[in-house]
Amino acid sequence: MRLSQMLFVTLREDPAEAEIPSHKLLLRAGYIRRIGSGIYAYLPLMWRVLKKVSQIVREEMDATGAQECLLPQLQPADLWRESGRWDTYTQAEGIMFAMTDRQQRELGLGPTHEEVITTIAKDMIRSYRQLPVHLYQIQTKFRDEIRPRFGLMRGREFIMKDGYSFHTNEESLKKTYQDMAQAYSNMLRRSGLQFRAVDADSGAIGGSGSQEFMVLAEAGEDEVLYTEDGQYAANVEKAVSMPADVEPSPFSTFEKRETPGTETIDKLCKFLKCSPTQVVKNVLYQAVYDNGMTVLVLVSIRGDQDVNQVKLLNELTKLAGNYQAKTVLFLTVPDAEAQRKWAAKSLPLGYMAPDVADDYIAGSKEVNSKFLRLVDRTAVDLTNFVTGSNESGYHVVGANWNKEFALPATVVSVRTAKKGDRAAHNPEQTLQSARGIEVGHIFQLGTKYSQAMGATYTSEQGEEMPFVMGCYGVGVSRLAQSAVEQSYDKDGIIWPVAIAPYHAIISIPNISDAQQVEVAEKLYAQLNQSGIETLLDDRDERAGVKFKDADLIGIPYRIVPGRSLKAGKVEVVERATHKSQEILIDEVNSTLKQWIEAAIN
């Protein structure tokens, strides 16, 4: 492609809307353009990148025996109600675009396709002889993000590969799951990315086990915890570890003490000269279930630990049946406005005890009249501990479970693992932390959707059995931007060779120089003919402008037919290192082919 004929506009200044380097660079380099909030146009250079990523994805998926298809973006609400996820996606998470057609039928724009694919399997797969089956698509998805940000990282419209497998048993599912783990690793390796596969929470997709594939980058929204021995890695939402040892309590008798201005753990421990490991803090949450019921949740946890809201949400979802509900729509720390709706009297916030009385709640049809009391495992074995007294400005010391306070009946593990904790698999290993961008996620769904939607097959014994399912997603457009986030410098993007829009760019320093133009044209035709995708910068611009643009758009190799032409050579600059060398014109093709093959393989 000739740059003079391409839709190509670069910006010298960072756009005001962009927050992270990759977003700034893709806008500045003319890869994408913002059309609306979280909505971007993929311009010619970006589309070439996306096609290359998609091709790598297709090759790895096809190699496992998966079959490509294309599913509808418009999905009937009835399918989502069958699976029980309509309210979760339209109200709780609120990420599905919902609409009503002219015949008053409710529809959603697909953020994911479990319901559609399960319906297809239900209609078409009758016998165990047809299984296993694995279908995938590369499709535009839609999510109504509350706060679209970071360009393609968290947009409202994005390109994704999602696949779904159907099996007769867990053993068959696990084989495909492992195949996908390897395929996803291959995709990211072939794309030239540094990544880490980590244990993850299944979230609203559901299922028994899941794994995320994280591209390592400082701007990553996710925190990854891992051990140096390579035996453990998990998203912080899922990670487990061993907390620090409990320090001995300095209190041996139970008493109430005045502790003014100690509504935080730090202030309290400084005032009482004690360790936070000796404190039981009581954290209040408000959960709203899908039947409209509000439940006030009091979590007692060791003072040096934090509640992991994802783990807590999972525990509360398990208890949904106790409230005649199926799932949790919202989980929040209730602010003053929320408390006014259900509080019978002012709560002693910062000073609550595990036995704060239920009469603080003004129960109603919508609000459960009793606190749901949970205790984290870190607090269960504490003795002579410090906790609130239910009176502002006072705490109690020397308290014990089942003496001064009843131990809550429901014991949970909802603490947040953190950097520096001892690893659960080997206490000699400590957790390290890195930032990551989630670009892939694989799930063992089990029978969650098939049972809910009545999707069955006839087994060898003639029984009707629910499909055992797996689900596997890769964010194609997100992966492309994450490559930029991982690899750039002060001059611009540094694309991995495998997914760069072009392998090389020929920058003619002076288009008035007939020899420079002649050599450039010859190389341009020769390189493209041999399969080296090459841009020709034949614009009537200064050499400095062309070189800056070449660096900005991140083409791996820049060829300059300049002063070295007198010696029958051209200058070749490697974008990643800025290393420059002069190469004989007749050897440019073979040299670049060798470099590109080495970089891709």
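Here the rule is ring-ring contact (aromatic ring centres under 6.0 Å, His included) with His23, and of Tyr40, Phe150, Tyr488 only Tyr40 fits it. Of the candidates Asp538, Asp537, Val545, Val545 is the only one forming a side chain to side chain contact (heavy atoms under 4.5 Å, CB included) with Glu541.
Using a distance-only test at 3.5 Å, with no hydrogens or angles considered, a donor-acceptor pair links the side chain of Thr534 to the main chain of Ile532. For the pair Ser191 (side chain) and Leu193 (backbone), a donor-acceptor distance under 3.5 Å is absent. The main-chain N or O of Leu527 is never found under 3.5 Å from a side-chain atom of Lys593 such that the two would form a donor-acceptor pair. Asp421 places no side-chain N or O within donor-acceptor distance of the main-chain N or O of Ala417, the cut-off being under 3.5 Å. When atom types are taken as modelled, the side chain of Lys52 and the backbone of Ala500 share a donor-acceptor pair closer than 3.5 angstrom. No side-chain donor-acceptor contact under 3.5 Å links Arg196 to the backbone of Leu225. Judged purely by atom type and a 3.5 angstrom limit, Arg28 uses its side chain to pair as donor or acceptor with the backbone of Leu11. A donor-acceptor contact shorter than 3.5 Å is absent between the side chain of Arg435 and the backbone of Ala219. Listed for the Ser487 side chain is no donor-acceptor partner under 3.5 Å among the backbone atoms of Ala483. Under a 3.5 Å cut-off, the side chain of Tyr184 and the backbone N or O of Gly473 do form a donor-acceptor pair.
Between Gln75 and His113, the side chains place a donor N or O and an acceptor N or O closer than 3.5 Å (distance only, hydrogens not considered). Between the side chains of His578 and Ser580, no donor-acceptor pair of N or O atoms lies under 3.5 Å. For the 3.5 Å distance criterion, the side chains of Tyr524 and Arg2 fail to qualify, holding no donor opposite an acceptor. Using modelled atom types and a 3.5 Å distance limit, the side chains of Tyr226 and Lys419 yield no donor-acceptor pair. Using a 3.5 Å distance cut-off with no hydrogens or angles, the side chains of Glu571 and Ser564 do not pair a donor with an acceptor. Side-chain contact annotation: Gln516 with Asn510, donor-acceptor N/O pair under 3.5 Å absent.
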What do the steps show when you test Thr227 against Thr430 for side-chain contact (heavy atoms from CB on, under 4.5 Å), and what is the final call?
CA-CA 6 Å; Thr227 52; Thr430 57; over 6 Å; no

Yes or no on side-chain contact (heavy atoms from CB on, under 4.5 Å) for Met469 and Tyr449, after CA distance, side-chain angles and deciding distance?
CA-CA 8 Å; Met469 293 174 59; Tyr449 296 93; 4.1 Å; yes

Chi angles and distances behind the ring pair (Phe, Tyr, Trp, His ring centres under 6.0 Å) call for Tyr472, His134
CA-CA 10 Å; Tyr472 322 96; His134 187 177; 5.1 Å; yes

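Asp586 has no carboxylate O lying under 4.0 Å from a charged side-chain N of Lys569, or vice versa, which leaves the two without a salt bridge. A salt bridge does not link Lys311 with Glu237: none of the charged nitrogens is closer than 4.0 Å to a carboxylate oxygen. With respect to Lys418 and Asp306, no salt bridge is recorded, no charged nitrogen being found less than 4.0 Å from a carboxylate O. For the pair Glu19 and Arg154, the salt-bridge criterion is not met [side-chain N within less than 4.0 Å of a carboxylate O]. A salt bridge does not link Glu212 with Lys238: none of the charged nitrogens is closer than 4.0 Å to a carboxylate oxygen. Electrostatic pairing of Glu157 and Lys141 does not count as a salt bridge here, judged by no charged N lying under 4.0 Å from a carboxylate O. Salt-bridge annotation for Arg12 and Asp549: present, with a side-chain N of the basic residue lying under 4.0 Å from a carboxylate O of the acidic one.
A search for side chain to side chain contact (heavy atoms under 4.5 Å, CB included) contacts involving Gln594 returns nothing, not counting sequence neighbours. Annotation: ring-ring contact (aromatic ring centres under 6.0 Å, His included) contacts of Tyr31 (sequence neighbours excluded): Trp495.
By the 6.0 Å contact criterion, NZ on Lys174 is open, its count of non-hydrogen atoms from other residues, nucleotides or ligands being 12 or less. Heavy atoms of other residues, nucleotides or ligands lying less than 6.0 angstrom from CD1 of Ile146 number 12 at most. More than 12 heavy atoms of other shown residues, nucleotides or ligands fall within 6.0 angstrom of atom CD in Gln91.
Put simply, the side chain of Val570 reaches to within 4.5 Å of the side chain of Leu565, judged on heavy atoms. Between Val474 and Val439 the shortest side-chain heavy-atom distance does not fall below 4.5 Å.
Relative ring orientation between Phe467 and Phe166 is described as perpendicular, the plane-to-plane angle rising above 60° on a 0-90° scale split at 30° and 60°.
Judged by a 6.0 Å distance limit and a 45° cone about the ring axis, Arg558 is positioned over the six-membered ring of Phe547. Geometrically, Arg156 does not engage Phe142 in a cation-pi contact, judged by NZ or CZ lying under 6.0 Å from the ring centre and within 45° of the ring axis.
Scanning all heavy atoms of the two residues, the minimum distance from Met96 to Leu109 falls at CG-O, 3.8 Å. Of all heavy-atom pairs between Ala550 and Ser507, the closest is CB-OG, 4.3 Å.
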Side-chain donor-acceptor pairs of residues 53-67 under 3.5 Å, sequence neighbours excluded:
from, atom 1, to, atom 2, distance (Å)
Ser54, OG, Leu50, O, 2.8
Gln55, NE2, Glu59, OE2, 3.1
Arg58, NE, Glu68, OE1, 2.9
Arg58, NE, Glu68, OE2, 3.0
Arg58, NH2, Glu68, OE2, 3.0
Glu59, OE1, Arg190, NH1, 3.1
Glu59, OE1, Arg190, NH2, 2.5
Glu60, OE1, Asn186, ND2, 3.2
Glu60, OE2, Arg190, NH1, 3.0
Asp62, OD1, Tyr136, OH, 2.7
Thr64, OG1, Met61, O, 2.6

